[in-house]
Amino acid sequence: DFYGTTFRKIQVEKSIFEEYVGFEDCLFGDKDKRSRDDTVIFKHTTFNDYGNFRNTKFHSGLDIELINYKSAANFLGAEIYTKYSKRETFRIIKDSLDQIGNHIEANKYFKQEMEKYKDELTKLKRDPKWVMLKINEMLSDFGQSYTKPIKILICAVTVLASLKYVH
C-alpha cells in the first residue's frame, strides 16, 4: 500500500501483485516538468487481486498497455496526462469503470481513447475512420457534449425555416 506517496519516476516490469495493491492519492511525476521519460509504466505486470489508483495523478502519463488483471482496478478521480499515455491505457481504464457500473466516469476515458485513436490516424487523413472520428468530435466531442448537437439542430431548423420564407 503506497497511499499518498509521491514518485518522480516508476516502472514496474515482470512483476506479480498477488493481493491488493494500493496507489490511492499518489502523485507520479512533476506537473511542471512533464517528460516522456517519467511516464508510469506497468509492463508485463499482473494484478491477481484488486488495484486501487483512486485520486491518483499521473503528471507525465500512464502506460498499462501490457498489464494482466483479474478484476477491475479503481481509477475513480484519477488524472492522467494524455500526451505520453497510450490509447490502450484509456481503453483498459474505461473497461474497468464500465465493469463496476461507473459509465459516466468511463465516458471520460472513452473520449481520451478516441482522441488518441484520431491522433494515430492523423497521418492518414483520407482514411474514412479518421473522417468519421473528426466528424464525431466536431458534432458531439465524442459523446461528451449534449449542447453541441442541440445547437447544430437549432441552427439547421432556423436555416431551413428561413429558406422556406425566402421562396
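What you see is a predicted model, and the numbers here were worked out from it, not measured in a lab. Residue numbers run from 1 in the order of the sequence given.
- Side-chain N or O atoms of T39 include none that pairs as donor or acceptor with a backbone N or O of G61 at under 3.5 Å.
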- Task: Could you give me the CA-CA distance, side-chain angles and deciding distance for L76 and E105, then say whether side chain to side chain contact (heavy atoms under 4.5 Å, CB included) is met?
- Result: CA-CA 7 Å; L76 183 64; E105 190 80 8; 4.2 Å; yes
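- Residues that satisfy the side chain to side chain contact (heavy atoms under 4.5 Å, CB included) test with K94, not counting sequence neighbours, are R91, D98, A106, Y109, F110, E113.
- Between L27 and H59, the closest side-chain pair of non-hydrogen atoms falls below 4.5 Å.
- Both the sub-6.0 Å distance and the 45° axial angle are satisfied by R34 relative to the ring of Y81.
- Considering only residues two or more places apart in sequence or on other chains, N55 meets the side-chain hydrogen bond (donor to acceptor under 3.5 Å, both in side chains) condition with none of them.
- In this structure, NZ on K57 lies 7.5 Å from CG on D25, to the nearest 0.5 angstrom.
- A donor-acceptor pair under 3.5 Å links the side-chain atoms of K116 to the main chain of T82, judged by distance alone.
- Counting heavy atoms from C-beta outward, M114 and L133 have side chains that approach closer than 4.5 Å.
- The salt bridge (charged side-chain N to carboxylate O under 4.0 Å, His left out) test applied to D63 returns K86, not counting sequence neighbours.
- In this structure, S60 contributes its side chain and S35 its backbone to a donor-acceptor pair below 3.5 Å.
- In this view, D32 and D30 satisfy the side chain to side chain contact (heavy atoms under 4.5 Å, CB included) rule, not counting sequence neighbours.
- Taking the six-membered ring where the residue is Trp, F28 and F7 present parallel rings, their angle staying beneath 30° rather than reaching 60°.
- Residues L153 make up the rest of the hydrophobic cluster containing V157, defined by ILVMFWY side-chain heavy atoms closer than 4.5 Å, directly or through other members.
- Residues meeting the side-chain hydrogen bond (donor to acceptor under 3.5 Å, both in side chains) test with D95, sequence neighbours left out: Q99.
- With rounding to the nearest 0.5 angstrom, the CD1 atom of I150 is 10.0 Å from the OH atom of Y146.
- The CD atom of E24 lies 11.5 Å from the OG1 atom of T5; values are rounded to the nearest 0.5 Å.
- Members clustered with I104: none, using a 4.5 Å side-chain heavy-atom cutoff among hydrophobic residues.
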- Message: I93 vs L62, test: side chain to side chain contact (heavy atoms under 4.5 Å, CB included). Steps then yes/no.
- Response: CA-CA 11 Å; I93 295 171; L62 173 64; 4.1 Å; yes
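- Judged by distance alone, the side chain of T45 and the main-chain N or O of V12 form a donor-acceptor pair under 3.5 Å.
- Between the side chains of N74 and Y50, at least one donor N or O lies within less than 3.5 Å of an accepting N or O.
- Every residue meeting the salt bridge (charged side-chain N to carboxylate O under 4.0 Å, His left out) condition with K134, not counting sequence neighbours, appears here in chain and number order: E137.
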- Query: How far apart are the C-alpha atoms of D38 and R8, what are their side-chain angles, what is the distance that settles it, and do they pass the side chain to side chain contact (heavy atoms under 4.5 Å, CB included) test?
  - Reply: CA-CA 7 Å; D38 294 338; R8 185 181 111 20; 2.7 Å; yes
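- For the pairing with F47, the ring-ring contact (aromatic ring centres under 6.0 Å, His included) check across F23, F42, Y69 returns one residue only, F42.
- Remark: the backbone N or O of S145 is not paired with any side-chain donor or acceptor of T147 at under 3.5 angstrom.
- The same ILVMFWY cluster, assembled from side-chain heavy atoms under 4.5 Å apart, contains both L121 and I135.
- In this structure, the side chains of F75 and I64 come closer than 4.5 Å at one or more pairs of heavy atoms.
- When hydrophobic clusters are built by joining Ile, Leu, Val, Met, Phe, Trp and Tyr residues whose side-chain heavy atoms come closer than 4.5 Å, directly or via intermediates, I92 is grouped together with I80.
- N52 places none of its side-chain heavy atoms less than 4.5 Å from the side chain of V21.
- In this structure, E19 places its CD atom where only 12 or fewer heavy-atom neighbours from other residues, nucleotides or ligands lie under 6.0 Å away.
- Looking at heavy atoms from C-beta onward, R87 lies in side-chain contact with E120 at the 4.5 angstrom threshold.
- Scanning for salt bridge (charged side-chain N to carboxylate O under 4.0 Å, His left out) contacts around D49 gives an empty result, with sequence neighbours left out.
- S85 places none of its side-chain heavy atoms less than 4.5 Å from the side chain of F58.
- Under a 4.5 Å side-chain heavy-atom cut-off, the cluster of Ile, Leu, Val, Met, Phe, Trp and Tyr residues that includes L66 has no other member.
- Dense packing is recorded around NZ of K148, with more than 12 heavy atoms of other residues, nucleotides or ligands lying under 6.0 Å away.
- Note on D141 versus K111: salt bridge recorded, some NZ/NE/NH1/NH2 to OD/OE distance being below 4.0 Å.
- Across every non-hydrogen atom of I100 and A72, the tightest pair is CG2-CB, 4.4 Å.
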- Full working for salt bridge (Lys or Arg N to Asp or Glu O under 4.0 Å) between K118 and E115: CA-CA 5 Å; K118 184 181 63 114; E115 286 174 345; over 6 Å; no
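- The side-chain hydrogen bond (donor to acceptor under 3.5 Å, both in side chains) search around N136 returns S140, not counting sequence neighbours.
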- Message: side chain to side chain contact (heavy atoms under 4.5 Å, CB included) for Q11 and V40? Distances and angles first, verdict last.
- Response: CA-CA 6 Å; Q11 180 172 338; V40 176; over 6 Å; no
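- In terms of the side-chain hydrogen bond (donor to acceptor under 3.5 Å, both in side chains) criterion, residue partners of T46 (sequence neighbours excluded) are, by chain and number, N68.
- Closest heavy-atom contact between G4 and C26: N-SG, 4.0 Å.
- Side-chain atoms of N48 and F17, non-hydrogen and from C-beta on, never get closer than 4.5 Å to each other.
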